[in-house]
There are 2 protein chains.
Amino acid sequence: MRQRTRLPESRARVTLSEVAKLANVSEITVSRIMRNKGPISVETREKVMAVVNRLGYVPNRIAGSLASATSNIIGVAIPSLSNIVFPEVLRGIHAGLKGTDYQPVVGVTDYSMKTEEVLVRSLMAWKPAAMILAGFDHTDPTRQILVQSGIRVAELMDIDPEPIDIAVGLSHRSAGYESGRYLIARGYRRFGYVGHDWAEDKRAKVRYDGLCMALAEAGLTIMAHSIVDGPSSTLAGRAMTANLLAGNTSVDVAVYSNDDMAIGGVFHCLGAGVALREKLAIFGFNGLEIGDALPMALSTVRSNRFLIGKIAIEKILEQPDRRGARSVVDTGFQIIPGETA
Amino acid sequence: MRQRTRLPESRARVTLSEVAKLANVSEITVSRIMRNKGPISVETREKVMAVVNRLGYVPNRIAGSLASATSNIIGVAIPSLSNIVFPEVLRGIHAGLKGTDYQPVVGVTDYSMKTEEVLVRSLMAWKPAAMILAGFDHTDPTRQILVQSGIRVAELMDIDPEPIDIAVGLSHRSAGYESGRYLIARGYRRFGYVGHDWAEDKRAKVRYDGLCMALAEAGLTIMAHSIVDGPSSTLAGRAMTANLLAGNTSVDVAVYSNDDMAIGGVFHCLGAGVALREKLAIFGFNGLEIGDALPMALSTVRSNRFLIGKIAIEKILEQPDRRGARSVVDTGFQIIPGETA
DNA sequence: AATCCAATTGACAGCGCTAACATTGTTCTT
DNA sequence: AAGAACAATGTTAGCGCTGTCAATTGGATT
């Protein structure tokens with residue numbers, strides 16, 4: 001029951017030079033072995049690794065990064081961790097990074113461009129190998145810092161505007177448009193919209209615009225709106241659905257700003273005894289897993305968030321230094337018919 | 001419309017010494033100004049800041065960390081990003097860090113102790129100011145590295161075992177026990193359990209044990225189990241509930257391993273026309289927001305995940321270097337009566 | 001046998017910054 | 001008026017590692 005054992009050769013910090021000394025080789029040789037770089041004979045490698053293991057040596061990446069002027073850090077600035085969408089993108093990022101030794105450093109902007117600027121400065125101080133941001137709205141200084149850094153910069157979620165370097169996402173305009181086309185084809189004509197604050201979520205607005213475009217082509221418009229003043233949530237979706245139905249315009253389908261809101265709508269209908277689809281059809285956006293588990297599967301659009309994170313990393317690793325051409329990857333979207341619309 | 005402007009004094013990398021030279025002061029003076037450390041006259045500060053702004057100088061934290069042997073990085077190793085619980089802890093961590101200039105570096109262990117070990121090594125290479133992990137199960141080397149590092153180490157989610165340094169969480173045993181007491185007091189006697197794989201989620205098992213203890217005290221036992229072989233999910237909860245009800249043991253209440261599973265149970269009942277509470281009462285764990293938006297609010301236990309992350313950071317910042325005494329913070333839990341049990 | 005080559009190892013000079021210890025004036029004590 | 005105490009700045013050495021350019025060895029080539 002050896003409790004609180006000290007490390008083999010207890011000593012606060014083991015350095016390269018100690019290892020080198022004990023293994024009777026030069027520091028650079030140990031360095032090469034630790035990085036699997038350059039030709040090393042089997043005996044030397046074994047001799048050195050024995051010492052490394054005995055001392056429990058862990059290379060100091062700070063020193064390494066300074067010396068080589070490259071870090072294996074990837075800076076990530078996301079708007080929020082509350083909205084399930086971003087943890088899923090993060091999950092994709094981690095999945096893409098698995099097996100490499102890059103480390104993501106994550107910061108949260110709270111949907112503020114000014115906070116993003118401070119964050120980007122702070123992340124850039126670590127000389128990251130690449131930066132990942134959400135969306136295309138940045139302050140001028142942020143954009144300038146990123147442009148002149150020369151490192152790869154990926155802007156995620158959207159592909160409608162022109163990126164600094166890499167864009168990975170989907171066309172929210174098309175997603176909105178196709179949602180409209182789909183619902184029209186299903187025979188719906190009396191459209192309602194249930195949404196949340198667009199100020200923080202520009203992409204929801206773009207989807208709305210796409211939807212309106214499809215409706216306009218069919219000579220239709222959105223007849224009733226119910227928009228909460230705040231971020232999206234299931235509770236808000238529920239309340240806003242009640243609100244929509246209480247209005248004097250009767251609609252046969254409600255399009256929601258996203259699945260959180262739409263699921264709230266489903267809950268309202270289930271609770272209030274409103275027949276889903278017959279009385280009110282519901283259509284969301286995102287394709288969250290939970291939508292599939294509802295008593296009636298949610299009709300929505302899958303937005304491939306995991307993929308967005310994963311592909312961003314793949315693009316970055318594929319070509320770690322920036323060349324001339326920008327690149328845009330469309331991760332697409334899929335209409336999920338479900339049972340609610 | 002100045003497009004693609006170069007930085008004021010274009011030049012790939014601006015260093016301290018350049019700033020110092022142009023401002024006609026020594027490097028250390030610039031360093032002190034950038035770090036707000038030591039006495040600096042107003043004129044000097046202004047003179048230097050003018051140059052800093054003109055050149056767009058951003059201090060290189062890698063060099064700074066190497067020189068000062070301290071970094072402002074906080075290493076975070078969490079099991080998963082799929083389970084909503086951990087992003088919420090992350091959210092607490094970010095909230096606690098707001099306004100400081102610490103940066104969290106997050107890695108994912110996929111519930112594997114071996115992966116955690118690799119991750120911890122890799123994070124330690126950045127000489128972080130503190131480390132945050134989930135749970136108490138670590139490999140021996142991981143524990144050793146953490147113990148001898150001397151930095152603050154917070155183990156989150158749980159407070160039942162003895163921590164390396166700081167523990168922040170709740171007693172899952174008590175949570176399970178109190179859930180049982182609550183349900184017994186509400187008059188339920190025929191208990192069923194719907195759960196997921198305990199191998200990855202030891203805390204679910206501990207809650208189960210606590211529940212059994214409460215039942216045993218009342219001369220009761222769990223009469224039927226329905227356990228999915230895999231992680232928790234709403235879909236699994238739905239399927240396992242169907243499974244439970246299909247068995248030949250009739251139960252009047254089902255306790256779930258967590259809210260994801262319990263919500264699946266609610267969905268099954270809503271879909272299959274099983275009267276919630278009258279025919280089958282449902283009780284979860286976590287207190288997810290969505291439970292509150294269901295047609296009938298979910299009866300569950302709030303586990304304060306955000307708080308756990310936030311308090312962990314507060315403890316770390318309160319006393320950044322480790323002293324003798326370990327500390328354990330109980331963030332508690334609250335029974336949420338809801339309407340399903 | 002002279003030349004060339006690849007494999008293996010090392011010496012040296014920083015990377016950009018900060019800790020620790022001076023060095024100046026200035027103001028305050030007694 | 002001499003010393004103490006403080007404010008403001010500077011000098012000197014690295015932090016622990018890696019890029020660059022040798023140096024050495026033992027064949028392989030011609």
Side-chain angles (χ1 to χ4, degrees), chain A residues 11-49 51-52 55-73 101 122 124-129 149, chain B residues 11-49 51-52 55-73 101 121-122 124-129 149 321:
Chain A
R11 194 187 248 132
R13 38 199 242 317
V14 185
T15 66
L16 236 205
S17 84
E18 282 193 73
V19 175
K21 216 166 293 164
L22 290 178
N24 249 307
V25 295
S26 69
E27 300 188 9
I28 191 68
T29 299
V30 180
S31 169
R32 287 189 182 118
I33 291 172
M34 297 310 291
R35 291 178 296 148
N36 281 309
K37 204 187 170 183
I40 297 288
S41 73
V42 182
E43 312 93 74
T44 308
R45 160 168 280 120
E46 280 172 356
K47 185 173 62 178
V48 170
M49 285 313 291
V51 177
V52 165
L55 299 187
Y57 169 66
V58 177
N60 182 334
R61 267 195 208 291
I62 293 182
S65 296
L66 179 60
S68 66
T70 58
S71 86
N72 63 348
I73 275 181
D101 65 0
S122 155
M124 290 304 293
W126 285 100
K127 305 286 162 196
S149 73
Chain B
R11 194 187 242 131
R13 38 200 242 315
V14 185
T15 67
L16 236 206
S17 83
E18 281 194 73
V19 174
K21 216 165 293 163
L22 289 179
N24 250 307
V25 294
S26 69
E27 300 187 8
I28 190 70
T29 299
V30 180
S31 169
R32 286 190 182 116
I33 291 171
M34 296 310 290
R35 289 177 297 146
N36 281 309
K37 207 186 168 185
I40 297 287
S41 73
V42 182
E43 313 92 74
T44 309
R45 159 168 281 121
E46 281 172 355
K47 183 174 62 179
V48 170
M49 285 312 291
V51 177
V52 165
L55 299 188
Y57 169 65
V58 177
N60 181 335
R61 267 197 207 292
I62 295 182
S65 297
L66 179 60
S68 65
T70 58
S71 86
N72 64 347
I73 276 181
D101 65 1
R121 272 186 214 285
S122 154
M124 290 304 292
W126 286 100
K127 306 286 163 199
S149 72
D321 55 292

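Proteins get letters first, then strands, A, B, ... in listed order; numbering begins at 1 in each. The figures here come from the full heavy-atom set of this structure, side chains too, leaving out hydrogens, waters and symmetry mates.
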Exercise for review: Taking only the side-chain nitrogens and oxygens of A:Tyr57, find out if one of them lies under 4.0 Å from OP1 or OP2 of D:dG16.
Suggested key: no

Check your understanding: Counting side-chain heavy atoms from CB outward, which of C:dT18, D:dC17, C:dC17 is closest to B:Ser68?
Key -> C:dT18

**Study point:** A:Lys37 side-chain N/O to D:dG19 phosphate OP1/OP2 under 4.0 Å
**Key:** yes

Exercise for review: Decide yes or no on side-chain contact (heavy atoms from CB on, under 4.5 Å) for A:Thr29 and A:Ile40, but give the supporting numbers first.
Suggested key: CA-CA 8 Å; A:Thr29 299; A:Ile40 297 288; 4.1 Å; yes

Review point. What's the closest nucleotide to the B:Pro39 side chain, out of D:dC17, D:dA7, D:dC15?
Key: D:dA7

Review point. Hey, is the side chain of B:Ser41 poking within less than 4.0 Å of OP1 or OP2 on D:dA7, counting only N and O atoms?
Key: no

Check your understanding: What is the distance from CZ of B:Arg61 to C1' of D:dC15, rounded to the nearest Å?
Key -> 17 Å

Review point. Hey, does B:Lys127 reach any base, or is it just sugar-phosphate, or nothing, if we go heavy atoms under 4.0 Å?
Key: nothing

Revision key, fill the gap. note: A:Ile62, atom CD1; C:dT18, atom P; distance rounded to Å ~ 13 Å

Review point. Between the side chain of B:Ser71 and the main-chain N/O of B:Lys127, is any donor-acceptor distance below 3.5 Å?
Key: yes

Check your understanding: By a strict heavy-atom criterion of less than 4.0 Å, which residues belonging to residues 24-33 of chain A are in contact with DNA chain C?
Key -> A:Val25, A:Ser26, A:Ile28, A:Thr29, A:Arg32

Check your understanding: CD of A:Glu43 versus C1' of C:dA7: gap in Å, rounded?
Key -> 12 Å

**Study point:** Residue met sooner reading DNA chain D from 5', once B:Leu66 and B:Ile40 are mapped to nucleotides
**Key:** B:Ile40

Review point. Hey, does B:Ser65 reach any base, or is it just sugar-phosphate, or nothing, if we go heavy atoms under 4.0 Å?
Key: nothing

Exercise for review: Could you walk me through whether A:Asp101 and A:Arg61 pass the side-chain contact (heavy atoms from CB on, under 4.5 Å) test, one step at a time?
Suggested key: CA-CA 11 Å; A:Asp101 65 0; A:Arg61 267 195 208 291; 3.5 Å; yes

Point to revise | Chi angles and distances behind the side-chain contact (heavy atoms from CB on, under 4.5 Å) call for B:Val51, B:Lys21 | key: CA-CA 10 Å; B:Val51 177; B:Lys21 216 165 293 163; over 6 Å; no

Point to revise | Minimum-distance nucleotide (side-chain atoms of B:Thr15 versus C:dT8, C:dC17, D:dC17) | key: C:dC17

Revision key, fill the gap. Rounded to whole Å, the CG-P distance (B:Leu16 to C:dG16) equals 10 Å

Review point. Hey, what do you get for CD1 (A:Ile28) to CD1 (A:Ile33), rounding to the nearest 0.5 Å?
Key: 11.0 Å

**Study point:** Any donor-acceptor N/O pair, B:Ser31 side chain to B:Glu27 backbone, under 3.5 Å
**Key:** no

Check your understanding: Within this structure, what is the CZ-to-C1' distance between B:Arg45 and D:dT9, rounded to whole angstrom?
Key -> 14 Å

Exercise for review: Given side-chain contact (heavy atoms from CB on, under 4.5 Å), test B:Met34 with B:Val19 step by step and report yes or no.
Suggested key: CA-CA 11 Å; B:Met34 296 310 290; B:Val19 174; over 6 Å; no

Review point. D:dG16 P sits how many Å from B:Asn60 CG, rounded?
Key: 17 Å

